[in-house]
**Student:** 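This is the structure I want to talk about, given as structure tokens.
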Protein chains: 2
Amino acid sequence: MKRPLLHPQPEELRLESVLYALADPVRLEIVRRLVTGDCPLNCSAAAPAHLPKSTQSHHFQILREAGLICSERRGTEVVNTLRLDEIEQRFPGVVTAILKAAKPFQCPDADGNA
Amino acid sequence: MKRPLLHPQPEELRLESVLYALADPVRLEIVRRLVTGDCPLNCSAAAPAHLPKSTQSHHFQILREAGLICSERRGTEVVNTLRLDEIEQRFPGVVTAILKAAKPFQCPDADGNA
DNA sequence: TTCAATAGTTCGAAACTCTTGAACTTCTGT
DNA sequence: ACAGAAGTTCAAGAGTTTCGAACTATTGAA
């Protein structure tokens, strides 16, 4: 079977699902990594080290179905990007405030400045 | 036994717990009711109608232990208030953005103005 | 084309959490 | 002291989460 990584449309995003997805330390960390280096990361690179692959896969599914990330197959790997703009448009300030609160020490911006 | 409604200190608040608490539709609705009418509400008044009391109690416990609400016994009932200022100070913008996103239609303020 | 390696996904079982009725505790008014 | 009101605790069934084992898809040789 081939379920091709379904992503919700912007209108379909549910606030509860977004919060639920971010309420897990592992998933919050994944999102944090995706936002800091703003290039697509494959699953292993985005997830904390030593996390079993099956657990990884589960977390990425939850992030994807909440609409937080977009995952595409690229050869043998799946690369992930944050859907930050869409989420900001639908729920302004929510994810940015969470990400700010989640990392009180380091705050590099998108242009690479510290 | 008498566990006297423990509340975490502001420094003890964990972002994950706050998000987790707000990721449930029932609890989000409770918080929404507590913020709109900004007077203390007892559990039955703050919770959605017809929710079993045991379930109510469970949800209030999670909100309390996440640090989102303060619950005090007042005679035979327990009255609840949002700990909005403390949470805003610890995680600026997070809960306010969530509450804004959670109610796109209605925004009556405390004075009864629309 | 076939093989092995790499990157993820699916399955299944144990551990954990959520929901809810039943029983219990606290406080108030009579 | 008793009945009633408001919550809490307990226990059981349903639903999740975690993670190893088996599986699938893609690539790059041989």
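Chain A is the first sequence line, chain B the second, and so forth, proteins listed ahead of strands; every chain is numbered from 1.
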**Student:** Rounding to a whole Å, what distance do you find between B:Leu51:CG and D:dG7:C1'?
**Tutor:** 13 Å
**Student:** Among the nucleotides C:dG21, C:dT19, D:dT18, which one has an atom lying closest to any side-chain atom of A:His58?
**Tutor:** D:dT18
**Student:** Of B:Ile69, B:Leu82, B:Thr81, which meets side chain to side chain contact (heavy atoms under 4.5 Å, CB included) against B:Pro40?
**Tutor:** B:Thr81
**Student:** Consider the side chain of B:Pro52, meaning its heavy atoms from C-beta on, and name the nucleotide among C:dT20, C:dC27, C:dT9 that approaches it most closely.
**Tutor:** C:dT20
**Student:** Hey, are A:Arg32 and A:Glu29 close enough for a salt bridge, meaning a charged N less than 4.0 Å from a carboxylate O?
**Tutor:** yes
**Student:** Let me know the distance between NE2 of B:His59 and C1' of C:dT17, rounded to the nearest Å.
**Tutor:** 12 Å
**Student:** Mind checking B:His50 for me? I need base, sugar-phosphate or nothing, with any heavy atom below 4.0 Å counting as a touch.
**Tutor:** nothing
**Student:** Going by atom types alone, do A:Thr96 and A:Glu88 pair a side-chain donor with an acceptor below 3.5 Å?
**Tutor:** yes
**Student:** Within the structure, does a side-chain N or O atom of B:Thr55 lie under 4.0 Å from either OP1 or OP2 of C:dT20?
**Tutor:** yes
**Student:** Figure out the CZ/P separation between A:Arg73 and C:dT6, and round it to whole Å.
**Tutor:** 15 Å
**Student:** Using whole Å, what does the distance between atom C1' of nucleotide C:dT19 and atom CD1 of B:Ile62 come to?
**Tutor:** 11 Å
**Student:** In whole angstroms, how far is the C1' atom of D:dT18 from the CG atom of A:Asp24?
**Tutor:** 11 Å
**Student:** Testing B:Leu63, B:Leu84, B:Asn80 one by one against B:Leu34 for a side chain to side chain contact (heavy atoms under 4.5 Å, CB included), which residue passes?
**Tutor:** B:Asn80
**Student:** Over how many whole Å does the gap from B:Gln56 atom CD to D:dT8 atom P extend?
**Tutor:** 9 Å
**Student:** Please confirm whether the backbone N or O of B:Leu13 pairs with a side-chain atom of B:Arg90, one donor and one acceptor, at under 3.5 Å?
**Tutor:** yes
**Student:** Let me spell it out: for each of A:Gly75 and A:Val26, pick the nucleotide of DNA chain D with the closest heavy atom. Which residue's pick is nearer the 5' end?
**Tutor:** A:Val26
**Student:** Write down the distance between CZ (A:Arg64) and P (C:dG8), rounded to a whole number of angstrom.
**Tutor:** 11 Å
**Student:** Just the rounded figure in Å: distance from P of C:dT17 to CD of B:Glu16.
**Tutor:** 16 Å
**Student:** Just compare C:dA22, D:dG7, D:dC19 and give me whichever is closest to any side-chain atom of A:Ser54.
**Tutor:** D:dC19
**Student:** Closest approach to the side chain of A:Ser57, judged atom by atom: which nucleotide of C:dG8, C:dT19, D:dT9 is it?
**Tutor:** C:dG8
**Student:** In terms of side-chain heavy atoms of B:Thr76, which of C:dA7, D:dG7, C:dC27 is nearest?
**Tutor:** C:dC27
